[in-house]
Amino acid sequence: MPPRHDLARIRNFGICAHIDAGKTTTTERILFYTGKEHAIGEVHEGSAKMDYLVEEQERGITITAAATTIQWLDHQLNLIDTPGHVDFTAEVERSLRVLDGAVIVFDGVHGVEAQSETVWRQADSYDVPRLCFVNKMDRGGADFDHSCDTIRERLGANIVPLTVPVGAADTFRGIVDLVTREFVTFEGDQGSDVKRQSIPHDIQEEMEVRRAELIEGLADVDDAIAEIYLEGGEPEIETIHKALREAVLGTKLYPVLAGTALRNAGVQPLIDAIVRYLPSPLDRGTTTGHVPDQPEKDVTFEPKDDEPLCALAFKIMTESHGDLTFVRVYAGQIKQGKGVYNPRLGKHERPQRILRMHANDRQQLDAIGAGEIAALVGLKNTVTGDTLCTKDRLVALESIRFPEPVISMAIEPRSTADRDRLEEVLGRMAREDPTFRVSQDAETGQTIISGMGELHLEVLKNRLLRDFKIEANVGKPRVSHRQTVRGAGKASHSFERLIAGVEQKATVEIQVAPGTPGSGFTFENKASPIDVPAQFAEAVEEGARFAADGGLDMGFPVIDVAATLVGGRAHETDSTEVAFQAAAGEAFREACTDGGVVILEPIMRLEVTTPSDFVGPIQSDLVRRGAVIEGDELRGTLRVIRGTVALNAMFGYSTTVRSLSQGRAGYSMEPAGFREVSDEERKRLTFED
């Protein structure tokens, strides 16, 4: 087993960005300059090490988060390269849940883009310290200051540039390190020869102004720098580094660096900044969870190997020879062949092998300790979000939040022989991907698979047909609708039935009301225990929740509804949990009908980037699709149209927007919630139903 690094010298970080910002290209340079790879992999050639899936190489995009471990300046860097496409945002979510820091890559031409905002919010939700890397400074239209302005304005981030480009596009010739006051160039065939020299005279005055802005920004968040600044002094370089590190760790400030990964410039200073400013596991401090089933009782763990085990399973990867379970260890150790306890399952699981991953390559370890990330082989029932611990010190860590699928399609095996195999493979894929759902249409008996978008379902379909060699017929993608209630409703339902010779009786009275957006289904018990005894109250909640999941008149799941048990009646001898569950389901459905059922459709936040010549036709087409245009702005040499639109109206849009712009426009979407369907759409859905 390789020697364990001092925890202070470990950096667990991710690379995140909007699609096509150059995230994987930046990662490939990091691998090369740290000596992990002997040649630079290129995304456009399909040779990027971190994009190892066939689907990734063919499409030139990252689909699944890939992990690797590298060394730099006597530090161990555990890096996760995440996808940039919104359909695979769950990969970013679960990565940020376990990482200590992140590098957010921005396109130097476009600055902040739609998915940039999404990943920034995800990092905010887990309080992850960040560095910013403005990439593609060699591109036509690249504008470092404009990119920084969009980070400040659209993300509300307190940023300070640490390195700034000298020139842009064809005139780009290097960067200036504002901390050390040096002009840095990257020479040799692959930019490996980093040359530091005095700042050229023609830009020296400008760079002094920029450095003063850096010190002023630091003075706003650091008392030591503020004191020196107010006295008119000059802080030492190490004092600046120390202040930057403390500000980054406290998420008070986000340093910005510049470069062009494709042209091999600016990446080495970025790696230096990762080591210098991003946190170690020690910096992140204690990990707090709660006693399972007792959320009010906290349990804390120090990041030490001799603590009881505390780890989180954050990703499952399905392979033909056995699933890999990726874990982050917060405290204690996991040893090969020694059991770990899963409190959700209430039993031990035994890792047969422990692997340190380098994309699809792997190195076997005997054990991993606090602060490390690795993959385990042999955990058969652990799923994403499960905590692993010891039986004598139980803990449940905060799990991982995932968005609901918004698009579905039917899939049917071509033969009876394929049916069992299809069911098995779909089950494994659902275990791997928390945003992939499998269900059965109660009326048709069809198997329905659901995901985050057209691309997501296309990738899943290709895996089924190509990787798992399943012979199946696949339908066209369809939007996954939801239902809710327009207003308050109330209903009482009595259940009386003879089942297996036993009389079953129960009466349940339920009230429903619209919930807050995003609340899903909530339940409250306000019934007297005399009317509904405590032993039946849980069955009532289960019955109502099952009815909500199963849908109402049209079978769409019910969301954003607050259900309240307000009354009922139990029979002295003939009431059962089954009777109360059944009565609750019917009472809930009837109460929703009384409140007025509303059909909802998923709405997407949309950005279209296009040359100005094509703005008119593109906007006209969007309006025809029912989009609400919220505005457009000039970003470099391109116009960016922003708005919201129903997902159902956007099928096949990639072909349309290319046709309208001679192939020069692109677009991105992200979920923005649900809204009530139009009368026309409701009629269409009712007719189809």
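At least one donor-acceptor pair under 3.5 Å links the side chain of Asp560 to the backbone N or O of Gly518. Side chain of Ser408 to backbone of Ile448: no donor-acceptor contact under 3.5 angstrom is found. Proximity of a side-chain donor or acceptor of Thr150 to a complementary backbone N or O of Val112 within less than 3.5 Å is detected. Remark: side-chain polar atoms of Lys526 are not paired, donor with acceptor, to backbone N or O of Thr564 under 3.5 angstrom. Under a 3.5 Å cut-off, the side chain of Asp386 and the backbone N or O of Val383 do form a donor-acceptor pair. Side-chain N or O atoms of Ser659 include none that pairs as donor or acceptor with a backbone N or O of Thr655 at under 3.5 Å. In this structure, Arg675 contributes its side chain and Gly673 its backbone to no donor-acceptor pair below 3.5 Å. Under a 3.5 Å cut-off, the side chain of Arg328 and the backbone N or O of Val98 do form a donor-acceptor pair. In this structure, the side chain of Thr644 does not engage the main chain of Arg605 through any donor-acceptor pair within 3.5 Å. Side chain of Arg431 to main chain of Thr382: a donor-acceptor pair is present (N/O by atom type, distance under 3.5 Å, no hydrogens or angles).
Using a 4.0 Å cut-off between charged side-chain N and carboxylate O, Arg154 and Glu607 make a salt bridge.
The side-chain heavy atoms of Leu422 and Leu464, taken from C-beta on, include a pair separated by under 4.5 Å. Using a 4.5 Å cut-off on side-chain heavy atoms (C-beta onward), Phe588 and Val540 make no contact. Considering only heavy atoms from C-beta on, His571 stays 4.5 Å or farther from Glu496 through its side chain. The side-chain heavy atoms of Val128 and Leu99, taken from C-beta on, include no pair separated by under 4.5 Å. Under the 4.5 Å side-chain criterion, counting only non-hydrogen atoms from C-beta, Arg94 is in contact with Phe402. Pro405 is not listed as a side-chain neighbour of Phe436, based on a closest heavy-atom distance of 4.5 Å or more. For the pair Glu412/Thr447, no side-chain contact is recorded, criterion being any heavy-atom separation below 4.5 Å from C-beta on. Under the 4.5 Å side-chain criterion, counting only non-hydrogen atoms from C-beta, Met429 is not in contact with Ile449.
Between the CD atom of Glu454 and the OH atom of Tyr653 there is a distance of 13.0 Å, given to the nearest 0.5 Å. The OG1 atom of Thr384 lies 9.0 Å from the CZ atom of Phe314; values are rounded to the nearest 0.5 Å. Atom CG of Leu647 is separated from atom CZ of Phe674 by 9.5 Å, given to the nearest 0.5 angstrom.
Each of Glu590, Arg589, Glu586, Glu509 was compared with His493 under the side chain to side chain donor-acceptor pair (under 3.5 Å) criterion, and only Glu590 meets it.
Phe88 and His456 have perpendicular rings, their planes meeting at more than 60° on a 0 to 90° scale where under 30° would count as parallel.
With sequence neighbours left out, Thr576 forms a side-chain hydrogen bond (donor to acceptor under 3.5 Å, both in side chains) with Gln504.
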